Amino acid sequence: MSTALVLFRQDLRLSDNAALTAACLAHERVLPVYIHAPSEHSPWQPGAASRWWLHHSLQALRGQLGAQGGDLHLIAGAPLDCLRDLIRASGATEIHWNRRCEPAAIAGDTVLKAALREDGIAVHSHAGGLWSEPWTLATDAGQPYRVFTPYWRKLRARLPDPAPLPAPRAREWLRLPGSLPTAALGLLPAIRWDAGLQASWTPGEAGAQELLEIFADDAVSDYAKGRDLPARHGTSRLSPHLHFGEITPAQIQRTLQDRAARSGSRQRPDLEPYLRELGWREFAHHLLYHFPHTPEANFNPRFDAFRWAETDALSLERWQRGRTGIPLVDAGMRELWHTGWMHNRVRMVAASFLTKNLRQHWRHGASWFWDTLVDADLANNTLGWQWVAGCGADAAPYFRVFNPYLQAARFDPDAAYLKRWLPELASLPAKALHEAWRHPAALAAKGYPAPMVDLGASRDAALAAWGAMPA
Ligand code: FAD
């Protein structure tokens, strides 16, 4: 009886899973495996919020496999040792996995593949959760893209009619003794701070499909405008599901296109703005693959000479806790702390405040987001921080400093978002929150801190530091 292992990593789904489908088609018995390997040599181990998500996502996948009489075989240890043990115990002759594109993951998989092949095991890697793998697109000069618009133009023109794979059924799901309970991985926090996450999310493939349905039913039709309004559920909130591979861009595209085709021509939503955002995700992965040093280093080396302010632990803590005295920044940072997610516009404003008004290095912000976001993603987080800080590929120019007051007045005109996350200010009129600097006594009476910096003066100082950089 032929047996294959399927190694799950950032692809915690059954449907549109090329590795799983290939193994189920070619073999009588399939053993789904997840190896918890925190000692893998990556400086970017999952943060606390990601670990919370991973625990629940693994549980969800186990539930799905359990419903078919199988299980996800869970083990902890060095991947090669674990796989060799499982191969011995199962008699497997093949391994299938979906590819990843973080630098450490590629390096680890390359070593693994070579060692297993030497052992005589057939290793098959498959395309994972991207429309287009990073090495498949190049400029006409054969170089990696550094600018989004031409990258997207090429990718968009190549997007095939999506044909996501249905969830396969193995002829037999193999089960072996020794599989750990999910709790044994120690992913959940020892002190239970996760009530807000629990209330906000349903990790797993079913949770992803449910959010997609909700988005397809409603918000997608007004996405171009609604995506900028943080008080609304105007975006899909699929980012953590995409990160953990519980859903793929092809599945999203298929569902949205099918739904659009069924709606009358007058109500047919324009899907392009949304597909373009998924394009940014692809671009981020393209950049990370071709410029693997960028999670730690400036994409634009000119910024190596930038004079950041000295690291200031107290300022960082006020920013992290949502106590800067700037309402939109604080609302975003508290949304992040409470739910593990922050609206994209507010991410830009909070990041701009940290890197420009406080002139703290973008890496401080990136590592806080890494620890607290449920969608923490090395490619997207690196792109987002370097974009805002002005040192990234195709970045916002450094001199573009977001004004949090104007941003709030424009995108949260009735202050619904501000009041949701700053409940101590909920009784004040919107204008008092949008022009907080005019009403220091009213805000102080509510226990809200005074602004920790003068926005105008700190902006000028940032621009001066930028101007002083050698060209
Ligand atoms: P939607 O608007 O519904 O977009 C759909 C999908 O497109 C998202 O789920 C995401 O996968 C992708 N996407 C959308 N915008 C972007 C973008 N600007 N860059 C890359 N992909 C995008 N996104 C992450 O997934 N993980 C991160 O760690 C992350 N860190 C960020 C840090 C900063 C400083 C900034 C400014 C942005 C960051 N983003 C990150 C991008 C963006 O904020 C989130 O992807 C988005 O808010 C997720 O919400 P959504 O799923 O409702 O997005």
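For ligands, and for the atoms within them, numbers begin at 1 and follow the listed sequence. Here the structure is a predicted model, which is why all the values come from computation and not from measurement.
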### Task
Please confirm whether Y417 and F411 have ring centers closer than 6.0 angstrom.
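No, too far apart.
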
#### Entry: Y34 ring center within less than 6.0 Å of F8 ring center
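Judged by ring-centre distance (under 6.0 Å), F8 and Y34 do not meet the cut-off.
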
### Task
State which residue, out of W387, W362, F291, fulfils the ring pair (Phe, Tyr, Trp, His ring centres under 6.0 Å) condition with F299.
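Among the candidates, only F291 passes.
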
### Query
Polar-atom distance check: W385 versus ligand 1, any N or O pair below 3.5 Å?
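The answer is no, given that W385 and ligand 1 share no N or O pair closer than 3.5 Å.
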
### Message
Polar contacts were defined as any N/O atom of the residue lying under 3.5 Å from an N/O atom of the ligand; does this apply to L373 and ligand 1?
### Response
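Among all N and O atoms of L373, none is under 3.5 Å from an N or O of ligand 1.
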
### Message
Check E277 with R227, please: is the shortest side-chain N to carboxylate O separation under 4.0 Å?
### Response
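Salt bridge between R227 and E277, a charged N being under 4.0 Å from a carboxylate O: yes.
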
### Query
Is R347 salt-bridged to D375, cutoff N-O under 4.0 Å?
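Answer for the salt bridge query: yes.
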
### Heavy-atom nearest neighbour of atom 49 (O) of ligand 1 within options W341, W280, Y274
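Residue with the shortest heavy-atom distance to the ligand atom: W341.
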
### Message
Given T235, N380, T372, L211, identify the one with the heavy atom nearest to atom 20 (C) of ligand 1.
### Response
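Shortest heavy-atom distance from atom 20 (C) of ligand 1: N380.
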
### Query
If you measure from each non-hydrogen atom of A376 to ligand 1, which part falls under 4.0 Å: side chain, backbone, both or neither?
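It is the backbone that touches ligand 1; the side chain stays farther off.
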
### Task
Please work out whether any backbone atom (N, CA, C, O) or any side-chain heavy atom from C-beta onward of W370 is under 4.0 Å from ligand 1, and answer side chain, backbone, both or neither.
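For W370, no heavy atom sits under 4.0 Å from ligand 1.
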
### Message
Please determine whether any non-hydrogen atom of F215 lies less than 4.0 Å from an atom of ligand 1.
### Response
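It does not, in that no heavy atom of F215 comes within the 4.0 Å cut-off of ligand 1.
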
